[in-house]
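Just so you know, ligand 1 is whichever comes first in the structure, and atom 1 is the first atom listed for that ligand. Quick caveat: nothing in here was measured; it's all calculated off a predicted structure.
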Amino acid sequence: MLKIDNLHAEIDGKEILKGLTLNVGAGEVHAIMGPNGAGKSTLSYVLAGRTGYEVTAGSVTFDGQDLLALAPHERAAAGVFLGLQYPVEIPGVSNLMFLRTALNAQRVQRSEKEASGAEFMKLVKAAAGELGLPYEMLKRSVNQGFSGGEKKRNEMVQMAVLEPKLAVLDETDSGLDIDALRVVSDGINRMRSPDRATLLITHYQRLLDYVVPDFVHVLVDGRIVRTGGAELAHVLERDGYVSIAA
Ligand SMILES: Nc1ncnc2c1ncn2[C@@H]1O[C@H](COP(=O)(O)OP(=O)(O)OP(=O)(O)O)[C@@H](O)[C@H]1O
Ligand SMILES: [Mg+2]
């Protein structure tokens with residue numbers, strides 16, 4: 001589904017990704033772990049098409065298409081979702097308005113029928129209910145004044161409504177309390193299906209107890225330096241990155 005080959009990318013002339021290769025099959029969950037500054041968020045931004053990041057070599061193919069040739073909104077319509085490490089606040093735009101606009105923009109781009117008000121409300125209420133985000137919060141401006149954990153839950157509500165084919169979740173577990181971690185993990189697990197894939201960027205093995213990955217990759221200095229199964233996360237938790245980076 002997602003094929004990243006020898007990806008090199010830089011920001012402000014500084015090379016961050018230095019030949020990253022990764023293949024994610026449909027239905028799979030891949031965890032990406034690695035030290036601070038290794039390039040994990042950069043990878044997520046390059047996949048989503050954030051401006052300022054220049055790809056200098058390599059390729060990314062998503063569902064057989066050249067992902068890098070698509071504009072960010074086309075990538076979203078193709079089914080790429082990015083859950084941000086630091087979700088942004090959008091004052092003056094309600095969650096409901098934001099989500100409905102995003103959903104329908106994607107549907108129009110895919111030549112599908114737009115969701116009616118009733119259909120949309122049903123979708124969003126179900127998603128918020130499952131993720132324990134009070135409906136009242138959906139009426140508030142996107143993430144404004146939300147606590148860290150509420151922002152992360154809100155990202156998951158967005159994901160549940162948009163139903164992406166590829167979810168890239170950047171430290172979705174950080175800042176969640178113990179119960180929220182379970183709720184959000186359940187949300188991610190519910191989205192698991194044979195035609196969807198997930199890239200889970202995380203620092204902690206804890207999340208991977210709930211969302212058991214098919215593969216764990218270690219990203220160090222812009223490259224994947226080790227790949228293993230779920231057990232690799234336990235090894236990292238015990239030994240740190242020192243042994244691997246050497
Ligand atoms: N505009 C910029 N100019 C120069 N370097 C930058 C710029 N933006 C980001 N970087 C650097 O890129 C590197 C990779 O950052 P990135 O956010 O991808 O790391 P990360 O693996 O997600 O780390 P963390 O685990 O702390 O979230 C960092 O060293 C960061 O300082
Ligand atoms: Mg990061």
Study note, to complete from the structure: A student checking ligand 1 against Q85 at a 4.0 Å heavy-atom cut-off should list atoms 27 (O)

Review point. Can you tell me the protein heavy atom closest to atom 17 (O) of ligand 1 and the distance?
Key: S41 CB, 3.5 Å

Review point. Among all protein non-hydrogen atoms, which one is nearest to atom 8 (N) of ligand 1, and what is the separation to 0.1 Å?
Key: I11 CG2, 3.8 Å

Review point. Based purely on interatomic distance, does G37 place a nitrogen or oxygen under 3.5 Å from a nitrogen or oxygen of ligand 1?
Key: yes

Revision key, fill the gap. Checking heavy atoms under 4.0 Å, the part of N36 that sits near ligand 1 is both

Check your understanding: Roughly how far, to the nearest 0.5 Å, is the CG atom of N6 from the CG atom of L22?
Key -> 13.0 Å

Check your understanding: For atom 31 (O) of ligand 1, is the nearest protein heavy atom closer than 4.0 Å?
Key -> no

Point to revise | CG-CD1 distance between N95 and I90, expressed to the nearest 0.5 angstrom | key: 8.5 Å

Point to revise | Any donor-acceptor N or O pair under 3.5 Å, side chains N154, E150 | key: no

Practice item. Using a 4.0 Å heavy-atom cut-off, say whether K14 meets ligand 1 through its side chain, its backbone, both or neither. Key: side chain

Practice item. Check the hydrophobic clustering (I, L, V, M, F, W, Y; side-chain heavy atoms under 4.5 Å; chains of links allowed) and say if V29 and L162 are grouped together. Key: yes

Practice item. Taking side chain to side chain donor-acceptor pair (under 3.5 Å) as the test, write out the residues that go with R206, two or more places apart. Key: none

Study note, to complete from the structure: The answer for which part of D12 has a heavy atom under 4.0 Å from ligand 1 is side chain

Review point. NE2/H8 to NZ/K18 distance, rounded to the nearest 0.5 angstrom?
Key: 10.0 Å

Practice item. Ignoring hydrogens, tell whether any protein atom lies closer than 4.0 Å to atom 13 (C) of ligand 1; use the non-hydrogen atoms only. Key: yes

Review point. Is the closest N or O pair between I16 and ligand 1 shorter than 3.5 Å?
Key: no

**Study point:** Rounded distance (nearest 0.5 Å) linking atom CD of E10 with atom CD1 of I16
**Key:** 9.0 Å

Practice item. With 2.8 Å as the limit, jot down which protein N, O or S atoms are around the Mg ion (ligand 2). Key: S41 OG, Q85 OE1

Revision key, fill the gap. Applying side chain to side chain donor-acceptor pair (under 3.5 Å) to T202 and not counting sequence neighbours gives D173

Practice item. List in chain and number order the residues that pass side chain to side chain donor-acceptor pair (under 3.5 Å) with Y53, two or more places apart in sequence or in another chain; answer none if no residue qualifies. Key: none

Practice item. Keeping the roles fixed (side chain from Y241, backbone from G34), state whether a donor-acceptor pair exists under 3.5 Å. Key: yes

Practice item. Going by heavy-atom distance to atom 15 (O) of ligand 1, choose the closest among I32, T42, L219. Key: T42

**Study point:** Distance, nearest 0.5 Å, that separates CD of E89 from OG of S141
**Key:** 9.0 Å

